[in-house]
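Chain letters run A, B, ... following the sequence lines, proteins first and then strands; every chain starts at 1.
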There are 2 protein chains.
Amino acid sequence: MKLAEAQQQFIASWGAFGSHWGINRTMAQIHALLMISPDPLSQDDVMEQLNISRGNVNMNIRDLIDWGLVSRILIPGERKEYFSAEKDVWKVATQIIKERKKRELDPMLRLLDQLDNIEGDKKDKHIKQFTETIGNIRKFGQQADRMLDTMVKADENWFLGNLLKLFK
Amino acid sequence: MKLAEAQQQFIASWGAFGSHWGINRTMAQIHALLMISPDPLSQDDVMEQLNISRGNVNMNIRDLIDWGLVSRILIPGERKEYFSAEKDVWKVATQIIKERKKRELDPMLRLLDQLDNIEGDKKDKHIKQFTETIGNIRKFGQQADRMLDTMVKADENWFLGNLLKLFK
DNA sequence: CACTAATTTCTGAAAATATGGAAAATACAA
DNA sequence: TTGTATTTTCCATATTTTCAGAAATTAGTG
(Lines give C-alpha, C1' and ligand atoms only; values in the text may rest on other atoms or scores of the structure.)
Protein backbone atom coordinates (compact mmCIF):
# COMPACT_ATOMS: atom_id res chain seq x y z
CA MET A 1 0.00 0.00 0.00
CA LYS A 2 1.13 3.51 -0.79
CA LEU A 3 1.93 5.84 2.08
CA ALA A 4 -0.48 8.59 1.04
CA GLU A 5 -3.38 6.18 0.81
CA ALA A 6 -2.57 4.58 4.14
CA GLN A 7 -2.35 7.98 5.78
CA GLN A 8 -5.72 8.98 4.39
CA GLN A 9 -7.31 5.82 5.69
CA PHE A 10 -5.78 6.15 9.07
CA ILE A 11 -6.91 9.76 9.46
CA ALA A 12 -10.42 8.96 8.31
CA SER A 13 -10.80 5.99 10.63
CA TRP A 14 -9.29 7.70 13.60
CA GLY A 15 -11.86 10.40 13.05
CA ALA A 16 -14.72 7.93 12.90
CA PHE A 17 -13.35 6.11 15.92
CA GLY A 18 -13.13 9.29 17.93
CA SER A 19 -16.71 10.21 17.23
CA HIS A 20 -17.83 7.11 19.09
CA TRP A 21 -15.92 8.40 22.06
CA GLY A 22 -17.27 11.87 22.52
CA ILE A 23 -14.47 13.44 20.52
CA ASN A 24 -15.53 15.22 17.41
CA ARG A 25 -14.47 13.93 14.06
CA THR A 26 -12.35 16.88 13.03
CA MET A 27 -10.53 16.99 16.32
CA ALA A 28 -9.66 13.32 16.05
CA GLN A 29 -8.52 13.75 12.46
CA ILE A 30 -6.20 16.58 13.35
CA HIS A 31 -4.85 14.47 16.15
CA ALA A 32 -4.26 11.57 13.76
CA LEU A 33 -2.51 13.83 11.27
CA LEU A 34 -0.20 15.22 13.92
CA MET A 35 0.59 11.78 15.27
CA ILE A 36 1.89 10.55 11.95
CA SER A 37 3.73 13.73 11.03
CA PRO A 38 7.43 13.52 11.75
CA ASP A 39 7.68 17.30 12.09
CA PRO A 40 5.42 19.86 13.75
CA LEU A 41 2.77 21.39 11.50
CA SER A 42 1.36 24.89 11.32
CA GLN A 43 -2.31 25.74 11.17
CA ASP A 44 -1.98 26.30 7.45
CA ASP A 45 -0.43 22.87 6.97
CA VAL A 46 -3.36 21.28 8.75
CA MET A 47 -5.89 23.33 6.78
CA GLU A 48 -4.32 22.28 3.56
CA GLN A 49 -3.89 18.60 4.32
CA LEU A 50 -7.35 18.05 5.75
CA ASN A 51 -9.27 20.66 3.76
CA ILE A 52 -10.85 22.39 6.69
CA SER A 53 -11.23 26.03 7.48
CA ARG A 54 -8.92 28.15 9.55
CA GLY A 55 -11.45 28.72 12.33
CA ASN A 56 -12.20 25.08 12.62
CA VAL A 57 -8.53 24.11 12.79
CA ASN A 58 -7.87 26.74 15.37
CA MET A 59 -10.70 25.71 17.66
CA ASN A 60 -9.91 22.05 17.51
CA ILE A 61 -6.21 22.47 18.03
CA ARG A 62 -6.99 24.52 21.09
CA ASP A 63 -9.18 21.70 22.37
CA LEU A 64 -6.44 19.19 21.74
CA ILE A 65 -4.08 21.35 23.73
CA ASP A 66 -6.64 21.48 26.56
CA TRP A 67 -6.75 17.72 26.53
CA GLY A 68 -2.98 17.66 26.81
CA LEU A 69 -2.57 15.77 23.57
CA VAL A 70 -0.93 18.44 21.47
CA SER A 71 1.62 21.09 22.25
CA ARG A 72 2.65 24.34 20.67
CA ILE A 73 6.11 24.41 19.22
CA LEU A 74 7.89 27.67 18.56
CA ILE A 75 10.56 27.49 15.95
CA PRO A 76 13.23 30.14 16.49
CA GLY A 77 13.18 32.77 13.80
CA GLU A 78 9.72 31.71 12.61
CA ARG A 79 6.74 33.82 13.38
CA LYS A 80 4.22 31.04 12.91
CA GLU A 81 3.28 28.64 15.63
CA TYR A 82 3.71 24.95 15.02
CA PHE A 83 1.98 22.03 16.64
CA SER A 84 3.06 18.57 17.52
CA ALA A 85 1.22 15.61 19.05
CA GLU A 86 2.40 13.35 21.83
CA LYS A 87 3.49 10.21 20.03
CA ASP A 88 3.92 7.81 22.92
CA VAL A 89 0.70 5.79 22.80
CA TRP A 90 0.82 4.95 26.47
CA LYS A 91 1.02 8.62 27.37
CA VAL A 92 -1.79 9.45 24.99
CA ALA A 93 -3.98 6.78 26.57
CA THR A 94 -3.29 7.76 30.17
CA GLN A 95 -3.78 11.41 29.34
CA ILE A 96 -7.19 10.69 27.84
CA ILE A 97 -8.13 8.51 30.79
CA LYS A 98 -7.08 11.19 33.21
CA GLU A 99 -9.15 13.85 31.51
CA ARG A 100 -12.25 11.77 31.02
CA LYS A 101 -12.11 10.56 34.58
CA LYS A 102 -11.98 14.12 35.79
CA ARG A 103 -14.73 15.30 33.48
CA GLU A 104 -17.12 12.37 33.73
CA LEU A 105 -16.47 9.64 36.27
CA ASP A 106 -15.68 11.91 39.21
CA PRO A 107 -18.82 14.06 38.87
CA MET A 108 -20.92 10.94 38.47
CA LEU A 109 -19.53 9.46 41.67
CA ARG A 110 -20.24 12.68 43.51
CA LEU A 111 -23.83 12.54 42.36
CA LEU A 112 -24.22 8.92 43.40
CA ASP A 113 -22.98 9.83 46.86
CA GLN A 114 -25.78 12.33 47.15
CA LEU A 115 -28.41 9.92 45.90
CA ASP A 116 -27.53 7.38 48.50
CA ASN A 117 -29.74 8.71 51.25
CA ILE A 118 -33.39 8.31 50.50
CA GLU A 119 -36.16 9.13 52.94
CA GLY A 120 -38.95 6.65 53.43
CA ASP A 121 -39.78 3.08 54.22
CA LYS A 122 -36.75 0.91 53.58
CA LYS A 123 -39.04 -2.03 52.94
CA ASP A 124 -40.77 -0.41 49.97
CA LYS A 125 -39.65 -2.25 46.88
CA HIS A 126 -39.11 0.89 44.84
CA ILE A 127 -36.86 2.35 47.48
CA LYS A 128 -35.11 -0.95 47.91
CA GLN A 129 -34.39 -1.37 44.21
CA PHE A 130 -33.25 2.20 43.88
CA THR A 131 -30.81 2.19 46.77
CA GLU A 132 -29.51 -1.19 45.75
CA THR A 133 -28.85 -0.16 42.16
CA ILE A 134 -27.27 3.13 43.15
CA GLY A 135 -25.14 1.40 45.76
CA ASN A 136 -23.85 -1.17 43.31
CA ILE A 137 -23.04 1.34 40.63
CA ARG A 138 -21.25 3.38 43.23
CA LYS A 139 -19.15 0.50 44.44
CA PHE A 140 -18.25 -0.43 40.91
CA GLY A 141 -17.42 3.16 40.03
CA GLN A 142 -15.16 3.52 43.03
CA GLN A 143 -13.23 0.41 42.08
CA ALA A 144 -12.84 1.69 38.55
CA ASP A 145 -11.79 5.04 39.88
CA ARG A 146 -9.02 3.57 41.98
CA MET A 147 -7.85 1.32 39.22
CA LEU A 148 -7.67 4.17 36.72
CA ASP A 149 -5.82 6.36 39.19
CA THR A 150 -3.18 3.73 39.62
CA MET A 151 -2.95 3.18 35.92
CA VAL A 152 -2.51 6.85 35.17
CA LYS A 153 0.27 7.16 37.68
CA ALA A 154 1.93 3.93 36.68
CA ASP A 155 4.79 3.39 34.37
CA GLU A 156 3.93 1.54 31.23
CA ASN A 157 6.32 -1.34 31.74
CA TRP A 158 5.30 -1.91 35.31
CA PHE A 159 1.68 -1.91 34.31
CA LEU A 160 1.94 -4.22 31.35
CA GLY A 161 4.23 -6.54 33.25
CA ASN A 162 1.76 -6.98 36.06
CA LEU A 163 -1.12 -7.17 33.71
CA LEU A 164 0.43 -9.98 31.78
CA LYS A 165 0.99 -11.91 34.98
CA LEU A 166 -2.63 -11.39 35.85
CA PHE A 167 -4.06 -12.27 32.47
CA LYS A 168 -2.00 -15.26 31.60
CA MET B 1 -33.88 13.28 49.74
CA LYS B 2 -37.21 12.09 48.38
CA LEU B 3 -37.27 9.00 46.20
CA ALA B 4 -39.00 10.64 43.25
CA GLU B 5 -36.49 13.45 43.14
CA ALA B 6 -33.53 11.11 43.42
CA GLN B 7 -34.92 8.94 40.62
CA GLN B 8 -35.33 11.96 38.37
CA GLN B 9 -31.78 13.05 39.01
CA PHE B 10 -30.37 9.63 38.44
CA ILE B 11 -32.20 9.21 35.15
CA ALA B 12 -31.18 12.63 33.92
CA SER B 13 -27.51 12.16 34.79
CA TRP B 14 -27.30 8.68 33.46
CA GLY B 15 -28.63 10.10 30.21
CA ALA B 16 -26.04 12.86 30.12
CA PHE B 17 -23.33 10.40 31.06
CA GLY B 18 -24.30 8.03 28.27
CA SER B 19 -24.19 10.73 25.66
CA HIS B 20 -20.47 11.13 26.27
CA TRP B 21 -20.08 7.47 25.49
CA GLY B 22 -21.73 7.12 22.11
CA ILE B 23 -25.03 6.07 23.63
CA ASN B 24 -27.84 8.44 22.97
CA ARG B 25 -29.46 10.26 25.80
CA THR B 26 -32.89 8.71 25.52
CA MET B 27 -31.51 5.21 25.35
CA ALA B 28 -29.46 5.76 28.47
CA GLN B 29 -32.45 7.25 30.27
CA ILE B 30 -34.64 4.29 29.47
CA HIS B 31 -31.88 2.04 30.69
CA ALA B 32 -31.62 4.00 33.93
CA LEU B 33 -35.37 3.84 34.45
CA LEU B 34 -35.43 0.09 33.95
CA MET B 35 -32.47 -0.44 36.24
CA ILE B 36 -34.21 1.21 39.16
CA SER B 37 -37.62 -0.32 38.52
CA PRO B 38 -38.33 -3.34 40.70
CA ASP B 39 -40.79 -4.74 38.15
CA PRO B 40 -40.68 -4.92 34.37
CA LEU B 41 -42.25 -1.97 32.53
CA SER B 42 -44.28 -1.81 29.34
CA GLN B 43 -43.66 0.62 26.49
CA ASP B 44 -46.53 2.72 27.75
CA ASP B 45 -45.03 2.90 31.22
CA VAL B 46 -41.77 4.17 29.78
CA MET B 47 -43.56 6.67 27.54
CA GLU B 48 -45.44 8.03 30.47
CA GLN B 49 -42.60 8.20 32.95
CA LEU B 50 -40.10 9.80 30.60
CA ASN B 51 -42.47 11.75 28.38
CA ILE B 52 -41.21 10.42 25.12
CA SER B 53 -43.07 9.20 22.09
CA ARG B 54 -44.01 5.65 21.32
CA GLY B 55 -41.74 5.43 18.27
CA ASN B 56 -38.80 6.73 20.20
CA VAL B 57 -39.32 4.31 23.07
CA ASN B 58 -39.70 1.43 20.70
CA MET B 59 -36.53 2.17 18.75
CA ASN B 60 -34.41 2.68 21.80
CA ILE B 61 -35.66 -0.37 23.62
CA ARG B 62 -34.82 -2.37 20.55
CA ASP B 63 -31.30 -0.97 20.63
CA LEU B 64 -30.98 -1.81 24.30
CA ILE B 65 -32.00 -5.36 23.53
CA ASP B 66 -29.38 -5.48 20.76
CA TRP B 67 -26.80 -4.38 23.27
CA GLY B 68 -27.91 -7.19 25.54
CA LEU B 69 -28.82 -4.81 28.35
CA VAL B 70 -32.57 -5.29 28.37
CA SER B 71 -34.78 -8.28 27.88
CA ARG B 72 -38.37 -8.83 26.91
CA ILE B 73 -40.56 -10.27 29.60
CA LEU B 74 -43.83 -11.95 28.75
CA ILE B 75 -46.35 -11.99 31.53
CA PRO B 76 -48.78 -14.91 31.18
CA GLY B 77 -52.27 -13.75 30.42
CA GLU B 78 -51.06 -10.30 29.40
CA ARG B 79 -50.97 -9.31 25.79
CA LYS B 80 -48.45 -6.52 26.29
CA GLU B 81 -44.73 -7.04 26.34
CA TYR B 82 -42.79 -5.93 29.35
CA PHE B 83 -39.12 -5.03 29.62
CA SER B 84 -36.57 -5.44 32.30
CA ALA B 85 -32.93 -4.41 32.58
CA GLU B 86 -30.03 -6.47 33.79
CA LYS B 87 -29.37 -5.16 37.27
CA ASP B 88 -26.02 -6.76 38.05
CA VAL B 89 -23.60 -3.92 37.45
CA TRP B 90 -20.71 -6.23 36.67
CA LYS B 91 -22.74 -7.93 33.98
CA VAL B 92 -23.84 -4.62 32.57
CA ALA B 93 -20.26 -3.43 32.39
CA THR B 94 -18.88 -6.57 30.77
CA GLN B 95 -21.74 -6.63 28.31
CA ILE B 96 -21.01 -3.07 27.24
CA ILE B 97 -17.31 -3.81 26.98
CA LYS B 98 -17.98 -6.86 24.89
CA GLU B 99 -20.19 -5.01 22.46
CA ARG B 100 -18.00 -1.97 22.10
CA LYS B 101 -14.97 -4.12 21.60
CA LYS B 102 -16.73 -5.94 18.82
CA ARG B 103 -18.06 -2.79 17.22
CA GLU B 104 -15.06 -0.53 17.56
CA LEU B 105 -11.81 -1.98 18.79
CA ASP B 106 -11.82 -5.08 16.61
CA PRO B 107 -12.48 -3.26 13.33
CA MET B 108 -9.84 -0.70 14.21
CA LEU B 109 -7.28 -3.44 14.84
CA ARG B 110 -8.13 -5.04 11.53
CA LEU B 111 -7.54 -1.75 9.78
CA LEU B 112 -4.23 -1.22 11.53
CA ASP B 113 -3.11 -4.64 10.37
CA GLN B 114 -3.72 -3.58 6.82
CA LEU B 115 -1.93 -0.29 7.22
CA ASP B 116 1.19 -1.94 8.48
CA ASN B 117 2.73 -2.66 5.13
CA ILE B 118 3.79 0.46 3.34
CA GLU B 119 5.70 0.50 0.10
CA GLY B 120 8.71 2.74 -0.22
CA ASP B 121 11.97 3.79 1.32
CA LYS B 122 12.02 2.69 4.94
CA LYS B 123 14.45 5.50 5.67
CA ASP B 124 12.04 8.24 4.63
CA LYS B 125 10.99 10.05 7.77
CA HIS B 126 7.33 10.19 6.82
CA ILE B 127 7.22 6.47 6.27
CA LYS B 128 9.18 5.90 9.42
CA GLN B 129 6.91 8.00 11.59
CA PHE B 130 3.81 6.47 10.07
CA THR B 131 4.81 2.84 10.51
CA GLU B 132 6.09 3.55 13.97
CA THR B 133 2.88 5.24 15.10
CA ILE B 134 0.68 2.59 13.55
CA GLY B 135 2.82 -0.15 15.04
CA ASN B 136 2.61 1.30 18.52
CA ILE B 137 -1.10 1.85 18.41
CA ARG B 138 -1.48 -1.69 17.19
CA LYS B 139 0.58 -3.16 19.97
CA PHE B 140 -1.32 -1.15 22.52
CA GLY B 141 -4.65 -2.13 21.01
CA GLN B 142 -3.76 -5.78 21.05
CA GLN B 143 -2.86 -5.64 24.72
CA ALA B 144 -6.12 -3.90 25.48
CA ASP B 145 -7.94 -6.45 23.41
CA ARG B 146 -6.52 -9.36 25.35
CA MET B 147 -7.11 -7.69 28.65
CA LEU B 148 -10.73 -6.93 27.85
CA ASP B 149 -11.31 -10.47 26.61
CA THR B 150 -10.12 -11.86 29.89
CA MET B 151 -12.15 -9.40 31.83
CA VAL B 152 -15.32 -10.20 29.95
CA LYS B 153 -14.87 -13.89 30.56
CA ALA B 154 -13.85 -13.48 34.15
CA ASP B 155 -15.95 -13.78 37.19
CA GLU B 156 -16.38 -10.59 39.11
CA ASN B 157 -14.91 -11.80 42.37
CA TRP B 158 -11.88 -13.30 40.76
CA PHE B 159 -11.28 -10.16 38.84
CA LEU B 160 -11.73 -7.72 41.66
CA GLY B 161 -9.73 -9.90 43.98
CA ASN B 162 -6.75 -9.97 41.66
CA LEU B 163 -7.15 -6.38 40.81
CA LEU B 164 -7.02 -5.34 44.41
CA LYS B 165 -3.85 -7.29 44.90
CA LEU B 166 -2.37 -5.53 41.91
CA PHE B 167 -3.54 -2.04 42.77
CA LYS B 168 -2.88 -1.97 46.44
C1' DC C 1 -61.77 -14.99 9.11
C1' DA C 2 -62.57 -10.18 10.86
C1' DC C 3 -61.55 -7.40 14.80
C1' DT C 4 -58.61 -5.33 18.02
C1' DA C 5 -54.43 -4.69 20.78
C1' DA C 6 -49.74 -3.98 20.38
C1' DT C 7 -45.47 -3.25 17.91
C1' DT C 8 -42.61 -1.49 14.36
C1' DT C 9 -41.41 1.48 10.59
C1' DC C 10 -41.33 5.76 8.38
C1' DT C 11 -41.26 10.70 7.54
C1' DG C 12 -40.84 15.42 8.15
C1' DA C 13 -39.79 18.74 11.73
C1' DA C 14 -36.97 20.44 15.43
C1' DA C 15 -32.94 20.53 18.10
C1' DA C 16 -28.16 20.03 18.58
C1' DT C 17 -23.72 20.16 16.66
C1' DA C 18 -20.11 21.16 13.45
C1' DT C 19 -18.24 24.17 10.07
C1' DG C 20 -16.58 27.96 7.02
C1' DG C 21 -15.15 32.32 6.53
C1' DA C 22 -15.07 37.04 7.61
C1' DA C 23 -13.92 40.25 11.06
C1' DA C 24 -11.47 41.36 15.21
C1' DA C 25 -7.65 40.93 18.09
C1' DT C 26 -2.98 40.12 18.91
C1' DA C 27 1.99 39.87 18.23
C1' DC C 28 5.86 41.28 16.10
C1' DA C 29 9.12 44.09 13.30
C1' DA C 30 10.71 48.16 11.40
C1' DT D 1 3.72 54.46 16.13
C1' DT D 2 2.43 51.91 11.45
C1' DG D 3 2.16 47.99 8.73
C1' DT D 4 1.97 43.08 8.27
C1' DA D 5 1.69 38.25 9.59
C1' DT D 6 -0.75 35.28 12.52
C1' DT D 7 -4.15 33.81 15.75
C1' DT D 8 -8.61 33.90 17.75
C1' DT D 9 -13.44 34.95 18.09
C1' DC D 10 -17.85 35.13 16.28
C1' DC D 11 -21.93 33.98 13.93
C1' DA D 12 -24.60 32.57 9.86
C1' DT D 13 -25.09 28.32 7.48
C1' DA D 14 -24.84 23.38 6.73
C1' DT D 15 -24.98 18.89 8.52
C1' DT D 16 -26.19 15.46 11.65
C1' DT D 17 -28.89 13.60 15.15
C1' DT D 18 -33.01 13.10 17.66
C1' DC D 19 -37.79 12.90 17.96
C1' DA D 20 -43.02 12.80 17.71
C1' DG D 21 -46.80 11.13 15.62
C1' DA D 22 -49.10 8.89 11.92
C1' DA D 23 -49.31 4.90 9.08
C1' DA D 24 -48.29 0.17 8.31
C1' DT D 25 -47.50 -4.24 10.08
C1' DT D 26 -47.86 -8.03 13.09
C1' DA D 27 -49.97 -10.99 16.38
C1' DG D 28 -53.55 -12.50 19.45
C1' DT D 29 -58.71 -13.56 20.03
C1' DG D 30 -63.32 -15.05 19.29
Side-chain angles (χ1 to χ4, degrees), chain A residues 11-34 39-67 70-84 103-104, chain B residues 11-34 39-67 70-84 103-104:
Chain A
I11 290 170
S13 319
W14 200 248
F17 198 64
S19 64
H20 289 284
W21 289 88
I23 289 160
N24 90 41
R25 200 162 36 83
T26 308
M27 185 168 148
Q29 286 181 352
I30 295 175
H31 183 229
L33 174 62
L34 290 175
D39 303 309
L41 301 181
S42 69
Q43 287 198 160
D44 296 84
D45 294 333
V46 176
M47 284 170 63
E48 191 185 336
Q49 298 214 34
L50 301 181
N51 272 305
I52 50 186
S53 74
R54 181 175 303 285
N56 206 359
V57 169
N58 187 278
M59 254 181 36
N60 283 297
I61 287 188
R62 235 163 4 90
D63 279 351
L64 285 166
I65 293 175
D66 280 349
W67 276 82
V70 162
S71 51
R72 278 176 224 274
I73 305 281
L74 292 170
I75 295 182
E78 285 254 28
R79 199 144 157 186
K80 261 189 198 150
E81 286 179 331
Y82 287 79
F83 301 93
S84 155
R103 296 171 192 212
E104 294 157 36
Chain B
I11 290 170
S13 319
W14 200 248
F17 198 63
S19 64
H20 289 284
W21 289 87
I23 290 160
N24 88 40
R25 200 163 39 83
T26 308
M27 184 170 152
Q29 286 182 350
I30 295 175
H31 184 230
L33 174 63
L34 292 174
D39 304 309
L41 302 181
S42 68
Q43 287 198 157
D44 296 83
D45 295 332
V46 176
M47 283 169 64
E48 192 185 335
Q49 297 213 35
L50 301 181
N51 273 304
I52 50 185
S53 74
R54 181 175 303 285
N56 204 2
V57 169
N58 186 278
M59 257 182 33
N60 283 294
I61 286 187
R62 223 157 17 80
D63 279 351
L64 284 166
I65 292 174
D66 279 349
W67 275 81
V70 162
S71 50
R72 278 175 224 274
I73 305 282
L74 291 170
I75 295 181
E78 286 254 30
R79 199 145 157 187
K80 263 188 196 148
E81 286 180 330
Y82 287 79
F83 302 92
S84 155
R103 296 171 193 214
E104 294 157 34

- Query: What closest approach, in Å, do F83(A) and R72(A) show between heavy atoms, and which atom pair accounts for it?
  - Reply: CE2-CG, 3.6 Å
- Query: What is the distance, rounded to the nearest whole Å, between atom CD1 of I30(A) and atom C1' of dG20(C)?
  - Reply: 13 Å
- Task: Report the distance from atom CD of Q43(B) to atom OG of S53(B), rounding to the nearest 0.5 Å.
- Result: 10.0 Å
Tabulate atom names and distances for all N/O pairs under 3.5 angstrom spanning the protein and nucleotides 2-4 of chain C.
| residue | atom | partner | partner atom | Å |
| --- | --- | --- | --- | --- |
| dT4(C) | O2 | R79(B) | NH2 | 3.1 |

- Item | Closest heavy-atom pair and its distance - A32(A), W14(A) | CB-CD1, 3.5 Å
- Note on the structure: I23(A) CD1 to dT17(C) P, in whole Å, measures 16 Å
- Could you tell me from which nucleotide to which nucleotide of DNA chain D, 5' to 3', there is an atom under 4.0 Å from chain A heavy atoms? dT4(D) to dT9(D)
- Note on the structure: So NE2 of H31(B) and CG of D63(B): to nearest 0.5 Å the spacing works out to 13.0 Å
- Task: For Y82(B) and dT7(C), give me the distance from atom OH to atom C1', rounded to whole Å.
- Result: 14 Å
- Message: At a heavy-atom distance below 4.0 Å, what parts of residues 41-56 of chain B sit against DNA chain D?
- Response: N51(B), I52(B), S53(B), G55(B), N56(B)
- Note on the structure: On DNA chain D, more 5' by nearest nucleotide between M59(A) and E81(A) is E81(A)
- Tell me: CE of M27(A) to C1' of dT17(C), nearest whole Å? 15 Å
- Task: Drop me the distance from I73(A)'s CD1 to E81(A)'s CD, to the nearest 0.5 angstrom.
- Result: 10.5 Å
- Looking only at heavy atoms, what is the nearest atom pair of G18(B) and A28(B), with distance? CA-CB, 4.2 Å
- Message: Considering every strand and a 4.0 Å limit on heavy-atom distances, what is the contact class for N58(B): base, sugar-phosphate, or nothing?
- Response: base
- Item | Side-chain (N60(A)) to main-chain (N56(A)) donor-acceptor, under 3.5 angstrom | yes
- Message: Between P on dT17(C) and CG on N60(A), what's the gap in Å once rounded to a whole number?
- Response: 15 Å
- Can you name the closest pair of heavy atoms from Q29(A) and I11(A) and give their distance? CG-O, 3.6 Å
- Item | Smallest separation among heavy atoms of S19(B) and A16(B), with atom names | OG-O, 2.7 Å
- Of all heavy-atom pairs between S42(A) and K80(A), which one has the smallest distance, and what is that distance? CB-CD, 3.8 Å
- Message: From CG of L74(A) over to P of dA27(C), roughly how many Å is that when rounded to an integer?
- Response: 13 Å
- Message: Nearest 0.5 Å, please: how far is CG in L64(A) from CZ in R62(A)?
- Response: 11.0 Å
